[in-house]
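Here is the structure we will look at, set down as structure tokens.
Below, chains carry the letters A, B, ... as their sequence lines are ordered, and counting in each starts from 1.
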Protein chains: 2
Amino acid sequence: MSETKLPRPTDGELAILRVLWARGDSTVREVHDALTREEPEGTGYTTVLKLMQIMTEKGLVERDESQRAHVYRPRATEQRTQRQLVTDLVDRAFGGSPARLAMQALSSKKTRPEELAELRRLLDTLEGGEE
Amino acid sequence: MSETKLPRPTDGELAILRVLWARGDSTVREVHDALTREEPEGTGYTTVLKLMQIMTEKGLVERDESQRAHVYRPRATEQRTQRQLVTDLVDRAFGGSPARLAMQALSSKKTRPEELAELRRLLDTLEGGEE
DNA sequence: AGATGTCAACGAAGCCCTTCGTAGATGCGG
DNA sequence: CCGCATCTACGAAGGGCTTCGTTGACATCT
């Protein structure tokens with residue numbers, strides 16, 4: 001039985017999820033500190049707390065309450081969330097064509113050659129496996 | 001210079017923009033009919049009207065009022081909007097790496113071989129210009 | 001002209017997201 | 001034990017998005 005589908009995270013929620021994916025399970029304080037580090041004058045502590053409480057209600061994160069400072073854990077992996085966001089965007093703005101999104105992504109910004117090579121390998125796999 | 005950055009369109013606004021890009025400049029009635037066709041029981045006429053009025057204020061569309069039924073025109077091309085959406089997503093969820101987004105896009109859905117070939121040509125161009 | 005239909009323009013309501021102030025519980029150092 | 005720091009919880013405010021009812025202007029058909 002897989003998971004009921006999680007809602008699309010908002011921008012603020014995604015910022016928090018990024019911290020959780022990078023640091024691993026964390027308390028509100030730890031998340032808040034991390035966010036403050038990358039953006040001073042960002043958001044206050046209680047704002048982050050409230051956000052994370054709502055994310056718990058939505059099922060985006062889980063909470064271990066056995067300690068006084070609750071520990072939060074993302075319920076979806078980074079990959080899975082990325083996949084969801086991408087398919088969303090493909091459907092909403094690219095007429096359902098992932099390749100068109102991919103091309104737009106590559107044209108717009110400079111990409112490191114190593115990543116291009118990796119992408120090429122993926123392409124080989126995809127083209128090889130058809131028929 | 002006149003290109004002030006346009007705000008990121010919401011889901012509803014994007015749906016309207018898609019119609020305008022596909023049909024060309026249109027009246028509210030034409031947009032509403034198109035939306036209703038692809039999603040019956042979607043939104044009412046006045047809802048679409050209001051949305052498009054707000055989009056005008058935001059600068060997402062322009063309006064020709066010389067006819068009784070105003071004619072709306074997107075202020076950014078589909079390409080440019082796609083580019084903006086992609087870079088946004090790359091920054092918010094892919095640590096700034098367009099290639100990782102591209103790979104996620106291709107892994108998640110089946111893509112037509114013809115599009116893969118096109119993508120490969122783009123890759124050739126990008127890698128070619130590096131030496 | 002009068003009836004009917006179409007249009008833009010508000011404005012209000014409902015919901016969600018974000019922000020923060022405040023209160024109450026809990027742990028900790030003296 | 002008392003005071004201080006830290007934490008969760010709660011609620012309210014503000015703004016943005018979406019929805020729709022209503023109104024008044026304008027056109028069309030008879």
**Asked** Does A/T10 put a side-chain nitrogen or oxygen below 4.0 Å from OP1 or OP2 of C/dC16?
**Response** no

**Request:** Select base, sugar-phosphate, or nothing to describe what A/Y45 touches, counting heavy atoms under 4.0 Å on all strands.
**Result:** base

**Request:** Quickly work out the B/M52 CE to D/dT18 P distance and round it to whole Å.
**Result:** 14 Å

**Prompt:** Between B/K50 and C/dA12, is there a side-chain N or O to OP1/OP2 distance below 4.0 Å?
**Reply:** no

**Request:** Have a look at A/T46 and say if it touches a base, only the backbone sugar-phosphate, or nothing, with a 4.0 Å heavy-atom cut-off.
**Result:** base

**Complete:** When rounded to whole Å, the CD to C1' distance for the pair A/E41 and C/dC20 reads 15 Å

**Message:** Using a 4.0 Å heavy-atom cut-off, does A/E65 contact any base of the nucleic acid, only the sugar-phosphate backbone, or nothing at all?
**Reply:** nothing

**Request:** For A/K58 and C/dC17, give me the distance from atom NZ to atom P, rounded to whole Å.
**Result:** 4 Å

**Message:** For D/dT8 and A/Q53 - does any side-chain N or O of the residue sit under 4.0 Å from the phosphate oxygens OP1/OP2?
**Reply:** no

**Fill in**
Separation of D/dC7 atom P from A/Q67 atom CD, nearest Å, is 13 Å

**Request:** Rounded to the nearest angstrom, tell me the gap between atom CD in A/E57 and atom P in D/dG11.
**Result:** 12 Å

**Message:** Taking 4.0 Å as the cut-off, does a side-chain nitrogen or oxygen of B/R29 come that near to OP1 or OP2 on C/dT6?
**Reply:** no

**Request:** Among A/V48, A/L49, A/I54, find the residue that satisfies the side chain to side chain contact (heavy atoms under 4.5 Å, CB included) test when tested with A/M52.
**Result:** A/V48

**Message:** What's the closest nucleotide to the side chain of A/R68 if the choices are D/dC20, C/dT6, C/dA25?
**Reply:** C/dA25

**Asked** B/T27 near the nucleic acid: base, sugar-phosphate alone, or nothing, with a heavy-atom cut-off under 4.0 Å?
**Response** nothing

**Fill in**
note: B/D11, atom CG; D/dC17, atom P; distance rounded to Å ~ 11 Å

**Prompt:** Does any donor atom in the side chain of A/T77 or A/R80 lie under 3.5 Å from an acceptor atom in the other side chain?
**Reply:** no

**Request:** Check every strand shown and say whether A/L51 touches a base, only sugar-phosphate, or nothing at a heavy-atom separation below 4.0 Å.
**Result:** sugar-phosphate

**Asked** Does the side chain of B/E115 pick up a donor-acceptor pair with the side chain of A/S97 at under 3.5 Å?
**Response** yes

**Complete:** Test side chain to side chain contact (heavy atoms under 4.5 Å, CB included), reference A/Y72, set A/V28, A/T27, A/D25, A/L17, output is A/V28

**Message:** D/dT18, OP1 or OP2 - any side-chain N/O from B/T47 closer than 4.0 Å?
**Reply:** no

**Item:** Spacing of B/L49 atom CG relative to D/dC17 atom C1', expressed in whole Å
**Value:** 15 Å

**Expected output: side-chain B/R75 to main-chain B/G59 donor-acceptor under 3.5 Å** = yes

**Request:** Whole angstrom is fine here: how far is it from CE in B/M55 over to C1' in D/dC17?
**Result:** 13 Å

